Amino acid sequence: MEETVKQELASVEKFYDLALNFFVEYGFQVVGAIIILLLGFWIASRVGKAVVALCERRNVDVTLSKFTGSTARILILVCFVIISLGKFGVSVAPFLAVLGVVGLGAGLAVQGLLSNYSAGIAIILTRPFKVGNTITVSDVYGEVMDIRLASTILLTEDGEEITLPNKHVIGEILKNSFDYRLVESAVGIAYSESPQQAIEVISGAIDQLDCVTKEPAYMVGIESFADSAIVISVRCWVPTRELYQSRYRINAAIYQALQQANITIPFPQQDVYIKT
């Protein structure tokens, strides 16, 4: 019994000596690595905020500013992690090699995701549009609310949020209407009426609408000569979030103005002559 107790005490004493030797030999290195990591987080955060603030002072686009700040923060963190690993005597070269192999395998596995990220970087660097612009891509349109690395977020007039993968933005036909969107309308007047008078009446009605922009200026003119009417076309720009509401107001204003001016809007008709 006494032998067993002595063996257990010897094992505990041996473990205690090993732990004590470990903390004596590596304790300061562990503490130093932790301090380096904490210092790295603090410096990376300060540098990231400073880069964003500098970009904002230079009137750089908000999306590019955030991307630049995040990139600077990540790079500084990686540098401090490598320094802290060196405190333990860990060689960084094999780690980087393994990381490269894993990155290659992951890249092949998530090729579609990486294509979205690379397209997002291209959008941020080239800036074909920015937050607040109205864009149309592949028959999808809306106001740009956010530009992320993987996707672009659009908001429609109906309050629908559309997530557009960035790989479908790069390489496609992109139409940027900036802050507004074009509204087109047309109305027919009788051939017995004066087109010039109708154009003046319609222009006066549109001038009273606050939803129509002054710049770009609206256009009113003769579009075509139909079978039963002279077609007057209207083209004007309205805020994207009020597209359909503005279209309804424009059409109502045109109809009321023509009615008040006693300008006839004819019914489609066809004359039939019977020869006996």
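This one's a predicted model, so the numbers in the text were calculated from it and none came from an experiment.
By the 4.5 Å heavy-atom criterion applied to side chains, Leu174 and Phe129 are counted as neighbours. Looking at heavy atoms from C-beta onward, Leu154 lies out of side-chain contact with Glu143 at the 4.5 angstrom threshold. Contact annotation: the side chain of Val51 approaches that of Val47 to within less than 4.5 Å [non-hydrogen atoms, C-beta and beyond]. Val187 places none of its side-chain heavy atoms less than 4.5 Å from the side chain of Val231. Contact of the Val220 side chain with the Ser233 side chain is not registered, since no non-hydrogen atoms from C-beta on lie closer than 4.5 Å. Between Cys236 and Ile250, some side-chain heavy-atom pair lies under the 4.5 Å cut-off.
Across Gly221 and Ile199, no two heavy atoms sit closer than the pair CA-CD1, 4.0 Å. Pairing each heavy atom of Ile153 with each of Glu161, the nearest pair is CG2-CG, 3.4 Å. The minimum heavy-atom distance linking Ile76 with Gly40 is given by the pair CG2-O, 4.4 Å. The shortest non-hydrogen separation linking Ala122 to Ile170 is CB-CD1, 4.3 Å. Considering every non-hydrogen atom in both Pro266 and Gly188, the closest pair reads CD-O, 3.5 Å. Considering all non-hydrogen atoms of both residues, Glu242 and Cys211 come closest at OE1-CB, 4.3 Å.
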Would Ser177 and Thr134 satisfy side chain to side chain donor-acceptor pair (under 3.5 Å), going step by step from the backbone distance to the final call? CA-CA 5 Å; Ser177 303; Thr134 300; 6.0 Å; no
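In this structure, Ser118 contributes its side chain and Ser115 its backbone to a donor-acceptor pair below 3.5 Å. Judged by distance alone, with hydrogens and angles left aside, the side-chain atoms of Asn116 form a donor-acceptor pair with the main-chain N or O of Lys167 at under 3.5 Å. For the pair Thr136 (side chain) and Val140 (backbone), a donor-acceptor distance under 3.5 Å is absent. With hydrogens and angles disregarded, a donor-acceptor distance shorter than 3.5 Å links the side chain of Thr213 to the backbone of Pro216.
Side-chain heavy atoms closer than 4.5 Å link hydrophobic residues (I, L, V, M, F, W, Y) into clusters, and following such links, even through other members, never connects Val183 to Ile135. Residue Tyr191 is grouped with residue Leu258 when hydrophobic side chains (ILVMFWY) are merged at heavy-atom distances under 4.5 angstrom, including chains of intermediate members. Cluster annotation: Leu164 is connected to Ile121 through the hydrophobic network of ILVMFWY side chains, with a link wherever side-chain heavy atoms come within less than 4.5 Å. Linking ILVMFWY side-chain heavy atoms closer than 4.5 Å, directly or via other members, places Leu209 and Ile232 in a single hydrophobic cluster. Phe225 and Val234 fall within a single hydrophobic cluster, where Ile, Leu, Val, Met, Phe, Trp and Tyr are joined by side-chain heavy atoms under 4.5 Å apart, directly or via other members.
Pairs engaging residues 170-182 under the salt bridge (Lys or Arg N to Asp or Glu O under 4.0 Å) rule: none recorded [sequence neighbours left out]. Listed by first then second residue, pairs satisfying salt bridge (Lys or Arg N to Asp or Glu O under 4.0 Å) with a partner in residues 215-233 number zero, not counting sequence neighbours. The side-chain hydrogen bond (donor to acceptor under 3.5 Å, both in side chains) analysis of residues 248-260, with sequence neighbours excluded, yields the pairs Ser185-Asn251, Asp210-Arg249.
In the model, Thr264 has a side-chain atom that pairs as donor or acceptor with a side-chain atom of Glu193 under 3.5 Å. Side-chain atoms of Asn133 and Asn176 form a donor-acceptor pair, as typed in the model, at a separation below 3.5 Å. No side-chain donor from either of Thr152 and Asp146 sits under 3.5 Å from a side-chain acceptor of the other. Counted by atom type alone, Tyr218 and Asp207 present one or more donor-acceptor pairs between their side chains at under 3.5 Å.
Rounded to the nearest 0.5 angstrom, Arg73 CZ and Leu75 CG are separated by 11.0 Å. Distance OG/Ser194 to CD1/Ile189: 7.0 Å, rounded to 0.5 Å. To the nearest 0.5 Å, atoms CG (Leu37) and CZ (Phe80) are separated by 9.5 Å. Within the model, atoms CG of Leu243 and CZ of Arg247 stand 5.0 Å from one another, a figure rounded to the nearest 0.5 Å.
If you chain together ILVMFWY residues whose side-chain heavy atoms come under 4.5 Å of each other, Met219 ends up in a group of its own. Hydrophobic cluster membership for Leu77: Phe41 (Ile, Leu, Val, Met, Phe, Trp, Tyr linked by side-chain heavy atoms under 4.5 Å, directly or transitively). Other residues sharing the hydrophobic cluster of Trp237, ordered by chain and number and joined by side-chain separations under 4.5 Å: Tyr180, Leu182.
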